[in-house]
Amino acid sequence: MLTRRHIRVKVMQCIYALIQSKDDSLVKQEKFLRVSIENMYVLYLLMLSLLAELHRMAEMHVNHANKKYLATEEDNFPDREKFVKNRLLLQIANNEALQNELSKRKLNNWYLNEEYIKILYKEVTGSDIYKAYMTSGKSSYEEDRDVVLQLFREIIAPNDKVYDYFEDEKLTWVDDFPIVNTYIIKRLKKANETSADRFFLPALLKDQQDMDYANELLTKTLLNDAKWEKEIEGKTPNWDNDRIAEIDSIILKMAICELLNFPSIPEKVTLNEYLEIAKEYSTPKSSIFINGVLDKLAKEYKTSGRLQKIGRGLQ
């Protein structure tokens, strides 16, 4: 679920938090990193469970409608239970593995904050997407999947109130939110009628190597801070080190650390990844500045023989 770029961003956030808190405890930062990465999976579970909660509310409304005496707009639908019968929603709503994960982590957020489910349900059922689905007269897994994807993409993911809720819950979720939502969309696109419960709950990290990489990058960047500072000096003739923005300084130090300490990662990968991170988390001028500094350093390391890379196609 998490790519190496996401891991780099998590390490960057961790180092930034350490600087802001003026806490130099490496043990605390390693814990913060683990928790931050784990919290991304918690966000994934909560966003996925939103779909289960919407299904639950739809079921409740259908049951209530069966007992009423006054006609409503839903009575004009060929099958007013069509949304409740949506095959993809049923896979998520009846997913025991998902319920176990939520229960294990005591994630009862939507039970305690049902108003968000009501807001979303009202927006969903009032949308043209929902009405077109309910009146189509068709019935297939593909149609069920497509409507869930459309609703998630256009109504659920961009909902301001849901975003504000997550921002208030955990500040690090602000950066995680688009990553998690994009991943959910990719996952749902691959869903089919035979998808097992665990399909909807992918591993957070590809393997233990990813967590080892995260810890090593954090540790080696922090413990060699003065060394990386010296590497930057002299490569920025028009910049006083005090004038380099904190986030730019962190990105540079992490990139230098990776170039010199991770022989299995190609030089181009490192340079491209940190340039992309700079583009997203820094200013346009800063990303050009960072690119220039890293380019100079990489050439210098190659010439001096300090840039040692191992593996096929590496120097």
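Predicted model, so just to flag it, every value in this text is computed and none were measured. Throughout, residue positions are numbered sequentially from 1 according to the sequence presented.
- In the model, R87 has a side-chain atom that pairs as donor or acceptor with a side-chain atom of S139 under 3.5 Å.
- Taking CE of M12 as the reference point, atom OH of Y281 lies at 5.5 Å (rounded to 0.5 Å).
- R187 forms a cation-pi arrangement with F199, by the criterion of a distance under 6.0 Å to the ring centre and an angle within 45° of the ring axis.
- Under a hydrophobic-cluster definition in which Ile, Leu, Val, Met, Phe, Trp and Tyr are linked whenever side-chain heavy atoms come within less than 4.5 Å, directly or via other members, L204 and I185 are assigned to the same cluster.
- Scored by the salt bridge (charged side-chain N to carboxylate O under 4.0 Å, His left out) test, K253 finds D225, E229 as partners (sequence neighbours excluded).
- For the residue pair E101 and Y44, no side-chain donor N or O sits within less than 3.5 Å of a side-chain acceptor on the partner.
- Taking the six-membered ring for Trp and thresholds of 30 and 60 degrees, Y165 and Y116 have ring planes inclined between 30 and 60 degrees apart.
- Partner D175 forms a side-chain contact (heavy atoms from CB on, under 4.5 Å) with one of M40, Q13, K10 and no other, that one being Q13.
- Rounding to the nearest 0.5 angstrom, the gap separating the NZ atom in K227 from the CD1 atom in I232 is 13.0 Å.
- Pairing each heavy atom of K82 with each of S136, the nearest pair is NZ-OG, 2.8 Å.
- Looking only at distances, a side-chain donor or acceptor of N86 sits under 3.5 Å from a matching main-chain atom of L89.
- For K189 (side chain) and I184 (main-chain N/O), no donor-acceptor pair under 3.5 Å exists by modelled atom type.
- Between R4 and E273, the closest heavy-atom pair is C-OE1, 4.5 Å.
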Review item, side-chain donor-acceptor pairs of residues 150-162, under 3.5 Å, at least two apart:
| from | atom 1 | to | atom 2 | distance (Å) |
| --- | --- | --- | --- | --- |
| N159 | OD1 | K161 | N | 3.0 |
| N159 | OD1 | V162 | N | 2.9 |
| N159 | ND2 | E123 | OE2 | 3.2 |

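- Under the 4.5 Å side-chain heavy-atom criterion for Ile, Leu, Val, Met, Phe, Trp and Tyr, L297 and L275 are members of distinct hydrophobic clusters.
- For the residue pair R8 and Y213, a side-chain donor N or O sits within less than 3.5 Å of a side-chain acceptor on the partner.
- Looking only at distances, a side-chain donor or acceptor of S21 sits under 3.5 Å from a matching main-chain atom of A17.
- Side-chain atoms of D144 do not come within 3.5 Å of backbone N or O of L88 as any donor-acceptor pair.
- Of all heavy-atom pairs spanning A298 and L271, the tightest one is CB-CD1, 4.2 Å.
- The backbone N or O of L46 sits less than 3.5 Å from a side-chain atom of S49, completing a donor-acceptor pair.
- Heavy-atom minimum distance, K220 versus C257: CB-SG, 3.5 Å.
- Counting heavy atoms from C-beta outward, Y133 and D146 have side chains that stay 4.5 Å or more apart.
- Atom CD1 of I251 is separated from atom CD of E246 by 12.0 Å, given to the nearest 0.5 angstrom.
- A donor-acceptor contact shorter than 3.5 Å is absent between the side chain of D197 and the backbone of N95.
- Residues L90 and L54 fall into different hydrophobic clusters, defined by Ile, Leu, Val, Met, Phe, Trp and Tyr side chains chained together at heavy-atom separations under 4.5 Å.
- Counting only heavy atoms from C-beta outward, the side chains of L18 and L26 never approach each other to under 4.5 Å.
- No side-chain donor from either of K279 and S287 sits under 3.5 Å from a side-chain acceptor of the other.
- Contact check for L252 versus L294: side-chain heavy atoms found under the 4.5 Å cut-off.
- Side-chain contact between H55 and I92 is absent, with no heavy atoms from C-beta onward closer than 4.5 Å.
- Atom CG of L307 is separated from atom NZ of K299 by 13.0 Å, given to the nearest 0.5 angstrom.
- A 4.5 Å side-chain heavy-atom check between Y163 and V174 finds at least one atom pair inside the cut-off.
- The nearest pair of heavy atoms linking I247 to S282 is CG2-OG, 4.0 Å.
- Residues H6 and M1 are not in side-chain contact: their nearest non-hydrogen atoms beyond the backbone lie 4.5 Å or more apart.
- Atom CH2 in W228 sits 9.5 Å away from atom CG in L259 (nearest 0.5 Å).
- F32 and V35 fall into different hydrophobic clusters, defined by Ile, Leu, Val, Met, Phe, Trp and Tyr side-chain heavy atoms under 4.5 Å apart, directly or through other members.
- To the nearest 0.5 Å, the span separating OG1 on T270 from CD on E258 amounts to 3.5 Å.
- Taking hydrophobic clusters as Ile, Leu, Val, Met, Phe, Trp and Tyr residues chained together by side-chain heavy-atom distances below 4.5 Å, I119 does not share a cluster with F166.
- Across all their heavy atoms, P78 and M134 have their closest contact at CD-O, 3.3 Å.
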Criterion side-chain contact (heavy atoms from CB on, under 4.5 Å) on M57 and L120, from CA distance to verdict: CA-CA 10 Å; M57 187 155 283; L120 282 175; over 6 Å; no

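- Residues H61 and F83 form no side-chain contact, since every pair of their non-hydrogen atoms from C-beta on lies 4.5 Å or further apart.
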Derivation and outcome, side-chain contact (heavy atoms from CB on, under 4.5 Å), residues V147 and Y130: CA-CA 7 Å; V147 76; Y130 177 83; over 6 Å; no

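- The main-chain N or O of V42 is never found under 3.5 Å from a side-chain atom of N39 such that the two would form a donor-acceptor pair.
- Remark: R56 engages E53 in a salt bridge, criterion side-chain N to carboxylate O under 4.0 Å.
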Evaluation steps, side-chain contact (heavy atoms from CB on, under 4.5 Å), between E30 and R34: CA-CA 6 Å; E30 287 174 335; R34 283 196 305 274; 4.1 Å; yes

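- Side-chain contact between V148 and R145 is absent, with no heavy-atom pair separated by less than 4.5 Å.
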Evaluation steps, side-chain contact (heavy atoms from CB on, under 4.5 Å), between E167 and F177: CA-CA 9 Å; E167 184 179 25; F177 201 61; over 6 Å; no

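- For the residue pair E231/Y301, the side-chain donor-acceptor check at 3.5 Å is satisfied.
- Just one of L43, V9, L2 meets the side-chain contact (heavy atoms from CB on, under 4.5 Å) condition when paired with D176; it is L43.
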